[in-house]
Amino acid sequence: MAPYWNPYDKAITANPYPTYRQLRDDAPVYCNEELGVWALSRYEDVLAAHLDAVTFSSAHGVTIEGHDAGAPFLIAKDPPEHTWHRKIVSRVFTPRRISDLEGFIRHRAAELLDRNLVDGRIDVVEDFSIRLPLDVISELVGIPEEHREAIHHHSDLVAEAMGAADAEQTAIELEGMRAILRSLVVDRRAHPGDDVISLLIETPVVDDDGNETYLDDDELSFRFIELAFAGHETVAKLIANAVVGLAWYPDQRRELVADPGLLAGAVEEMLRWDPPSHYQGRWTTRSVELHGVTIPEDVRIVLITGAAGHDDRQFPEPELFDIHRRVDRHVSFGFGVHLCLGAALARLETRIAFEELLRRLPDYELEEDGIVRAYSSNVRGLQHLPIHAVASVARV
Ligand code: HEM
């Protein structure tokens, strides 16, 4: 039977990996003609496309629908505009700035767990993983504590409105977030500090024509929205996907409890095994011959990251979760010019999240009845993931 892949099909999204295998083996260059979307699924092909940003353009949007085309986000731009834009945003992600966040991340993770872990039970997403990354981005950018609840509120409503494809409500909630950011920009212009907003205010921008200018208040407020879009749901969903992984592989969970030093390697496997971002949308700027098929010029094509990470040509026995696997060059953070700018931060957050979670809940079970999957064509993960502690065998 010929493979069938459709990113809107809930049965496929619930467990896409068997479909991905069929695509890699039988249709490595696939076209869903109904949707007008092409797809690449083999590791080598996805990697090569990431590395060829000229042929595989991001400027028509990187979602499957392409509704982000023209958005003022780095991720949806091609060089040369992408190059100078990335140079500015990169200034936020110095190794020092990221490592300085470790104390805050640990404190916030502990606070959330201690508050929400009641009688050994917690909803990993609602009470923990969805809360942590947005607060970390707020801390990174320098958003004061008193605004963080409002940021969460708008962000929740943006997610809800986007889920319902309500463009008007999405714009209203985004505007609510931007209003907070704009007021902070005005304040930092008057009282510069040692924070990211002040840094971006002072950073000259040299555009494609060599002109030097500075970001205006709107552009500055968008830099926060950009990070919130890229680094909130992704980290939240990675943590929850991996909590499921460690429930399915309790021996490995016990190893991590006994030796948290193994977590750094385990995070790479979490990223490979069930990443939060499965699809990177592109647009072809010329026709491409691959595996005997011609992909035409000017079509939407999706690089299926989730499928690439399960390609047995690159990762032996890919369906197995193995914290000792030496994950060589996974593509879960993309590759090439758009390689995730928040990768180091995401790794740090995930490692600390598990250090703090496993310290409090070394032995847990999933509450299968309460698990709710979020269906979105662009991120894969859960909306609710209740778990509870189980008495260890030694204690029974
Ligand atoms: C587990 C968590 C994360 C995953 C799996 C992830 C994944 C990705 C991927 C696949 C891309 C490339 C997209 C493309 O090629 O079209 C990307 C880009 C990006 N990510 Fe992440 N990301 C994560 C966390 C974060 C965080 C925490 C931040 C910042 C706070 C962040 C900021 C960015 C930015 C700014 C880009 C755009 C880079 C560019 O276009 O040059 N990400 N991410």
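Ligands are counted one by one from 1 in listed order, and the atoms in each one are counted from 1 as well.
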Between Glu268 and Arg347, is the salt bridge (charged side-chain N to carboxylate O under 4.0 Å, His left out) condition met? List the steps. CA-CA 8 Å; Glu268 297 313 301; Arg347 288 178 164 119; 2.7 Å; yes
Stepwise salt bridge (charged side-chain N to carboxylate O under 4.0 Å, His left out) test for Asp100 and Arg96: CA-CA 6 Å; Asp100 279 356; Arg96 173 75 193 277; 3.4 Å; yes
How far apart are the C-alpha atoms of Asp217 and Arg188, what are their side-chain angles, what is the distance that settles it, and do they pass the salt bridge (charged side-chain N to carboxylate O under 4.0 Å, His left out) test? CA-CA 11 Å; Asp217 292 3; Arg188 300 297 152 79; over 6 Å; no
Given side chain to side chain contact (heavy atoms under 4.5 Å, CB included), test His384 with Val124 step by step and report yes or no. CA-CA 7 Å; His384 290 287; Val124 173; over 6 Å; no
Begin from the C-alpha positions of Tyr17 and Asp274 and carry the test side chain to side chain donor-acceptor pair (under 3.5 Å) through to its verdict. CA-CA 10 Å; Tyr17 296 107; Asp274 200 8; 2.6 Å; yes
Decide salt bridge (charged side-chain N to carboxylate O under 4.0 Å, His left out) for Glu175 and Arg182; before the verdict, give the C-alpha distance in whole Å, the side-chain angles of both, and the deciding distance to 0.1 Å. CA-CA 10 Å; Glu175 189 43 43; Arg182 270 197 304 262; 2.4 Å; yes
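Annotation: cation-pi geometry not satisfied between Arg325 and Phe315 (NZ/CZ under 6.0 angstrom from ring centroid, within 45° of ring axis). In this structure, Arg329 fails the cation-pi test against Tyr43, since its NZ or CZ atom is not both closer than 6.0 Å to the six-membered ring centre and inside 45 degrees of the ring normal.
At least one heavy atom of Pro276 sits under 4.0 Å from some atom of ligand 1. Residue contact check for ligand 1: Val337 places a non-hydrogen atom closer than 4.0 Å to it. In this structure, Arg282 has a heavy atom closer than 4.0 Å to ligand 1. In this structure, His85 falls outside the shell of residues with a heavy atom less than 4.0 angstrom from ligand 1. Ligand 1 does not have Thr305 within reach: every non-hydrogen atom of the residue lies 4.0 Å or more from it. Look at Val89 and you'll find every heavy atom at least 4.0 Å from all atoms of ligand 1. Within the structure, ligand 1 lacks Pro275 among the residues with a heavy atom less than 4.0 angstrom away. A heavy-atom separation below 4.0 Å is not found between Glu226 and ligand 1.
Polar contact check, His82 against ligand 1: a nitrogen or oxygen pair lies under 3.5 Å apart.
The protein heavy-atom contact nearest to atom 7 (C) of ligand 1 is Ser332 O, 3.5 Å. Ranking protein heavy atoms by distance to atom 29 (C) of ligand 1, first place goes to Phe93 CZ, 3.6 Å. Given atom 40 (O) of ligand 1, the protein heavy atom at minimum distance is His338 ND1, 2.6 Å. Among protein heavy atoms, atom 1 (C) of ligand 1 sits closest to Leu238 CD2, 3.7 Å.
Inside a sphere of radius 2.8 Å centred on atom 21 (Fe) of ligand 1, the protein N/O/S atoms present are Cys340 SG.
Close approach of ligand 1 to Gln280 is summarised as follows: ligand atoms under 4.0 Å from at least one heavy atom of the residue are 10 (C), 13 (C), 14 (C), 15 (O), 16 (O).
Between Tyr279 and Trp5, the angle of the ring planes goes over 60°, which puts this pair in the perpendicular group of the 30/60° scheme. Between His278 and Tyr20, the ring-plane angle classifies as tilted under the 30° and 60° cut-offs.
There is a side-chain donor-acceptor pair under 3.5 Å between Asp135 and His152.
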